[in-house]
Amino acid sequence: MSRSTCRGFPACAPLLASTSSRTSADMGSPAVDTIPPAFTIEVDSENKAKSLNIFSFNFPHHVSFHMSWIGFFVSFVSTFAAAPMVAIIRDDLELTKPDLGNAGLAAVTGTIIARVIMGSVCDVVGPRYGLSIVLLLSAPFCFCMSFVTSAAGFLICRMGIGLGLATFVACQFWMSCMFNGKCVGIANATAAGWGNLGGGVTQFLMPLIYRGMVEGTGGRIFSAWRWAYVVPGLLHTIVGVAVMFLGQDLPDGNYKMLHTSGQLEKKSAGKTQYIGCANYRMWCMVATYGFCFGVELTMNNIVAGYLFDQFELDLVTAGVLASCYGLMNLFARSIGGLVSDYTSVKFGMRGRLWTLWVFQTVEGVLCVFMALSKDSLGITILFMVLFSICVQASEGASYGIVPFLTRRALGVASGYIGAGGNAGSTICMALFFTSPDIPTYDGLMYMGFTIIAVTFLVVFIHFPMWGSMFFPGDPTITEEDYYIKKEFTEEEIKEGLAVSVQKFCNNSHGERAPQHRPAAEEATKV
């Protein structure tokens, strides 16, 4: 029997039919007349875009692309707004190094649980609500920063603002729902990369805002940094409302309409949590993502202060140089996604896995070299930039793999892996950058060796039908075996709950080794 058929599933034949051919009564939902959406760009059978055009505002695919990265960008700007102003804040609030380290930990640790929850929110109510609500909920903490008078208040506000980083999960889930497997790597990478760019932009943006506030307050520097925090709060509010009213959850419509019409499964949060947590590949990715995205969060917290103290720079200069680390997101994360998509065309999923391992291992090596360059500002900046490029590329390559880990529990997987990034930052900050006995350059070296060790887990990620880095897949196992048989019961298949997943299986044949792909698909690539 052909690999593209649904082997072993007597009820699977109807899955190949269009969803629109099923009545609402068949799906157990009230009858609602729906009009098939029309698109002006090329889409696949799931109505996902087959290409990404960063200059397009085509609705819904590219409008949602822009809403997702802008929302994530704003959360990064606010979360790391304190870092470039830390010298002034430290003097105003009389903070010690442990106080600053704990506040930095709080900024990225508080969102670990938020990201896990966001995964289920995306599965159940959609990415649009998830992204919008978390921006609006974290906005008050930005405004409250203006009234902080103690280390405890500073820590609480940074933790509340850091909850906004849960927007990452909605961002990546949204892109995985809007773009086809042929371009999902570059779409995920570009949206997240431009969002992460906020971590670099804030390094020079906040000092400029601060400088303007100093002039506006007549030179009162301890009032100026407080007024500066009003800007991130306003951005959270404006963008949160824009996402709610301009975005769309899926190519076919918003969750509420699709649930009502019976075109979309109403998922159980408990069931999707179980499916996601039972997938060991997800846990490997949780760990490895902790040492690419987690490393980026750590660097956003410490790099400006490191340059300020180690090389005795002024606040603005240190902020501008530190921004070079985050500004690599403008293109570097997209490179990781692009290379992941390219190696997938050439080698299938095994190419994506090798791409991740190479980028992230080189990342660890460059982190060590940056630490060893502690006596030269120029060489430190050179290795910092190269290190940053590999960090961002590793993140892009990671989310070239994530959309294929599970289909039914994609939100859960995205949430846990995103939370892994924050957990990695928490670990790095706690182990290497909070103790006064460990110089920052030694902390960087220890972090580099840890990156190399943890990245070895990529070797153990194996897809039965596609293989792993060193072992090929089994050509007798189909995508349906992995995505449908493992995640749906026979009764659920008969109810039609796996219809959209069957379409995903058909669109995922490109992850096979080239010799096992359908002839028609290979012909389209020539």
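All values reported here derive from a predicted model rather than from experimental measurement.
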- [ ] Return the minimal non-hydrogen interatomic distance between Ala371 and Leu444, and the atom names on each side.
- [x] CB-CB, 3.8 Å
TODO: Check whether any side-chain N or O of Ser132 sits under 3.5 Å from a backbone N or O of Gly240 as a donor-acceptor pair, and report yes or no.
DONE: yes
Open item on the list: Please report whether the ring centroid of Phe504 lies less than 6.0 Å from that of Tyr483.
Closed with: yes
TODO: Using modelled atom types only, decide if a donor and an acceptor are shared between the side chain of Ser414 and the backbone of Val169 within a distance under 3.5 Å.
DONE: no
Open item on the list: Can you confirm whether Phe72 sits close enough to Gln172 that some side-chain heavy atom of one is under 4.5 Å from a side-chain heavy atom of the other?
Closed with: no
TODO: May I ask you to check whether Phe179 and His62 place their ring centres under 6.0 Å from each other?
DONE: yes
Open item on the list: Check for me whether the distance between the ring centres of Tyr255 and Tyr129 falls short of 6.0 Å.
Closed with: no
Open item on the list: Using ring centroids (six-membered ring only for Trp), state whether Tyr289 and Phe168 fall under 6.0 Å.
Closed with: yes
TODO: For residues 347-361, pull every pair meeting salt bridge (charged side-chain N to carboxylate O under 4.0 Å, His left out), keeping only residues two or more places apart or in separate chains.
DONE: Asp341-Arg352, Arg352-Glu511
TODO: Determine whether the aromatic ring centres of Phe383 and Phe387 lie less than 6.0 Å apart.
DONE: no
Open item on the list: If I compare all heavy atoms of Arg408 with all of Phe488, which pair ends up nearest, and what's the gap?
Closed with: NE-CE2, 3.4 Å
Task: Check: Thr288/Thr455 side-chain N/O donor and acceptor closer than 3.5 Å - done: no
TODO: Please determine which of Ser176, Ser398, Ser340, Ser68 meets the side chain to side chain donor-acceptor pair (under 3.5 Å) test together with Asn188.
DONE: Ser176
Open item on the list: Tell me if the centroids of the rings in Phe470 and Trp354 come within less than 6.0 Å of each other.
Closed with: yes
